[in-house]
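Just below is one structure, and these are the notes that go with it.
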Amino acid sequence: MDHFQYREGAYYAEDVPLSTIAKDVGTPCYVYSRATLERHWKAFDQAFGDWPHTIYYAVKSNSNLGVLGLFAHLDSGFDIVSSGELKRVIQAGGRPDKVVFSGVGKTVAEIRYAIEQEIRCFNVESLQELDRINSVASETDAIVSIAIRVNPDVDAQTHPYISTGLKENKFGIPIADAVQAYRHAENLPHLHVSGVTCHIGSQLTSLEPFEDCFYRVLSFIDELKTEGIELDHLDVGGGLGVTYKDESPPHPTEYTTKLIECLKSHGCELPVMIEPGRVITANAGVFLTEVQYIKDGDERNFAVVDGAMNDLLRPALYQAWQEILPVNLLSASAERVYDIVGPVCESADFLGKQRTLKVEAGDVLAVRSAGAYGHVMSSNYNSRPRPPEVLVDGDRYYIVRERESFEQMIRGEFIPDFS
Ligand SMILES: *Cc1c(COP(=O)(O)O)cnc(C)c1O
């Protein structure tokens, strides 16, 4: 459920017509709905009932300071994958002691900064990283909490680029080798072995791979117990999918019901950490773009828009399908089938293919489900400034990121003296 809907032919975000935002802020731009973000976050939080849990919102899905500020206001935790994301969380008023740090490539500088900020836990992906964290912690005689990311070797049945829980993926330590890794961690004096973590992929639309993963990880926790290694939390990662087109992913309540059932059947009472990203932000955002030209080809008709793959990469990168709707339904133009393409010099530069629409030059289109992995993946390719971001709250809206200026785009570049 989201708060984008038509009222008398005009597409709204909460109580603000999107055409108003397109006019005032310009296109292309991203628009998020506070009510939707909050609703999705709370749906997850409430789905756990009395089971002790903390939501660690996956910052990488949407790291705008306004969005992070909203989650900080809800007293959310945060799952980060770089020191830049940690800085954003702190800047937005989030608590470092509610941060977990994931990722395969943490540098010494990133680890040092996160230790200084006293984050809740490092989610560790290799033996080498355990050693590195221990060594950095020893500089200040700190004791640092860690969880090891185990790779349970389950097929998430999602796009290969966002599948992370198979043996062939770079993520985590194979579950068969993980006891050894825990013994190693227990022997490192600056580490406190706190939990176990897993994350098998993104945009999962059925419960089965999750259930497989839970059982494997819970059996693993039992195995650790027989080794005398007791944990204080279980982190189940993120990955719950959303509806882009006709997927029907489980509701957060179905997910948590299954999880709690698995926990109970294993007699496991550990507090749960969860790292949802997409399921909270994807359908809380749209991308607005204006049609520049209608171009009729021999085989296809094109609607050339002012938004492109540099602004919204998912269609080009994952062949992702996102719904495209006119902001004004009452266009007099004829219904036709279009490829919605951007101005970038790549054939991969499309937002949607073979879409039936009534559009003409000057109309504004809304690409739905653009709140996750949208602006965060944008670039300056073709020297296009990155688009602004707007947060709607009831009948008001805030510009939470301005459109990038040319000066901002070239800041930090220099021309050598060629004489
Ligand atoms: C990307 C990621 C998440 C969030 O994934 P979603 O599919 O957006 O929920 C959570 N945890 C880790 C470790 C990740 O890499």
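Because only heavy atoms are used, hydrogens play no part in the values below, and waters and symmetry mates are left out as well, while side chains stay in.
Taking 4.5 Å as the limit, every side-chain heavy atom of Ile294 sits out of range of all side-chain heavy atoms of Asn301. Tyr12 places none of its side-chain heavy atoms less than 4.5 Å from the side chain of Phe4. Annotation: side chain of Ile324 is not in contact with side chain of Tyr338 (no heavy-atom distance under 4.5 Å). Side-chain contact between Ile175 and Asn151 is absent, with no heavy atoms from C-beta onward closer than 4.5 Å. Side-chain contact between Ile119 and Val100 is absent, with no heavy-atom pair separated by less than 4.5 Å. Phe171 is listed as a side-chain neighbour of Val104, based on a closest heavy-atom distance under 4.5 Å. Side-chain contact between His266 and Asp222: present, with at least one pair of heavy atoms (C-beta onward) separated by less than 4.5 Å. For the pair Val89 and Ile80, the minimum side-chain heavy-atom distance is below 4.5 Å.
Here Gln91 pairs with Leu65 under the side-chain contact (heavy atoms from CB on, under 4.5 Å) rule; sequence neighbours left out. With sequence neighbours left out, the side-chain contact (heavy atoms from CB on, under 4.5 Å) criterion links Ser265 to Tyr215.
Ion pairing of Asp2 with Arg39 is absent here, as no side-chain N (NZ or NE/NH1/NH2) approaches a carboxylate O to less than 4.0 Å. Ionic pairing of Arg411 and Glu407 is not present here: no N-O contact between side-chain nitrogen and carboxylate oxygen is shorter than 4.0 angstrom. Ion pairing between a basic and an acidic side chain is recognised when a charged N comes within 4.0 Å of a carboxylate O; Lys245 and Glu323 show no such pairing. Using a 4.0 Å cut-off between charged nitrogen and carboxylate oxygen, Arg149 and Glu125 count as a salt-bridge pair. In summary, Lys42 and Asp45 do not engage in a salt bridge, as defined by a charged side-chain N under 4.0 Å from a carboxylate O. With respect to the salt-bridge test (charged N to carboxylate O, under 4.0 angstrom), the residues Asp232 and Arg120 qualify. Contact check on Glu38 versus Arg34 returns a salt bridge, with a Lys/Arg side-chain nitrogen under 4.0 Å from an Asp/Glu carboxylate oxygen.
Using modelled atom types, one finds no donor on one side chain facing an acceptor on the other under 3.5 Å when comparing Asp311 with Ser378. With hydrogens and angles left out, the side-chain atoms of Thr205 and Glu247 include no donor and acceptor closer than 3.5 Å. Between the side chains of Asn382 and Asn310, no donor-acceptor pair is found at a separation under 3.5 Å. Glu389 and Tyr32 share a side-chain donor-acceptor pair at under 3.5 Å. Ser102 and His199 are not linked by any side-chain donor-acceptor pair at a separation below 3.5 angstrom, with hydrogens and angles left out of the test. Side chains of Tyr11 and Arg368: a donor-acceptor N/O pair is present below 3.5 angstrom, by distance only. No side-chain N or O of Glu275 forms a donor-acceptor pair with one of Tyr57 less than 3.5 Å apart. A donor-acceptor contact closer than 3.5 angstrom links the side chains of His251 and Thr253. Side-chain contact check for Thr256 and Trp51: no donor-acceptor pair (N or O, by modelled atom type) lies under 3.5 Å. Side-chain N/O atoms of Asn64 and His375 include no donor and acceptor closer than 3.5 Å. Checking His3 against Asp15 by side-chain atom types alone, no donor-acceptor pair falls below 3.5 Å. One side chain, Ser369 or Asn283, offers a donor N or O that lies under 3.5 Å from an acceptor on the other.
We find the OG-CZ distance between Ser61 and Arg278 to be 8.5 Å, quoted to the nearest 0.5 Å. Taking CG from Asp79 and CD1 from Ile55, the interatomic distance works out to 12.5 Å, rounded to the nearest 0.5 Å. Rounding to the nearest 0.5 Å places CD1 of Ile111 at 12.5 Å from CD of Glu116.
In the displayed structure, Glu8 atom CD is contacted under 6.0 Å by at most 12 heavy atoms of other residues, nucleotides or ligands. A 6.0 Å sphere centred on CD of Gln408 holds more than 12 heavy atoms belonging to other residues, nucleotides or ligands. Counting non-hydrogen atoms of other residues, nucleotides and ligands closer than 6.0 Å to CD of Glu360 gives a total above 12. Other residues, nucleotides and ligands place more than 12 heavy atoms under 6.0 Å from the CD atom of Gln354. Within a 6.0 Å radius of CZ in Arg7, more than 12 heavy atoms belonging to other residues, nucleotides or ligands are found. Other residues, nucleotides and ligands contribute over 12 non-hydrogen atoms within 6.0 Å of the OH atom of Tyr6. Heavy-atom neighbours of Glu208 CD from other residues, nucleotides or ligands within 6.0 Å: at or below the threshold of 12.
Each of Arg300, Lys295, Lys353 was evaluated against Asp339; a single residue qualifies, Arg300, per the salt bridge (Lys or Arg N to Asp or Glu O under 4.0 Å) test.
Using bins of under 30°, 30° to 60° and over 60° for the plane-to-plane angle, the ring pair Phe287/Tyr30 lands in the tilted bin.
The side-chain tip of Lys60 does not point at the ring of Tyr373 from less than 6.0 angstrom away and within 45° of straight on. Cation-pi geometry between Arg314 and Tyr244 is met: under 6.0 angstrom from the ring centre, within 45 degrees of the axis.
At distances below 3.5 Å, not a single donor-acceptor pair connects side-chain atoms of Gln46 with backbone N or O atoms of Ala43. Put simply, the side chain of Glu211 never gets that close to the backbone of Leu207: no donor and acceptor are under 3.5 Å apart. When atom types are taken as modelled, the side chain of Thr289 and the backbone of Gly307 share a donor-acceptor pair closer than 3.5 angstrom. Remark: the backbone N or O of Pro385 is not paired with any side-chain donor or acceptor of Glu404 at under 3.5 angstrom.
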Which is it for Thr54 and Phe48 under the side-chain contact (heavy atoms from CB on, under 4.5 Å) test, yes or no, and what are the steps along the way? CA-CA 9 Å; Thr54 309; Phe48 277 93; over 6 Å; no
As a quick check of understanding, evaluate side-chain hydrogen bond (donor to acceptor under 3.5 Å, both in side chains) for Thr27 and Asp306, giving each step before the final call. CA-CA 7 Å; Thr27 55; Asp306 62 1; 2.6 Å; yes
With salt bridge (charged side-chain N to carboxylate O under 4.0 Å, His left out) as the test, would you mind laying out the steps for Glu261 and Lys264 before giving the verdict? CA-CA 5 Å; Glu261 185 188 305; Lys264 284 184 175 159; over 6 Å; no
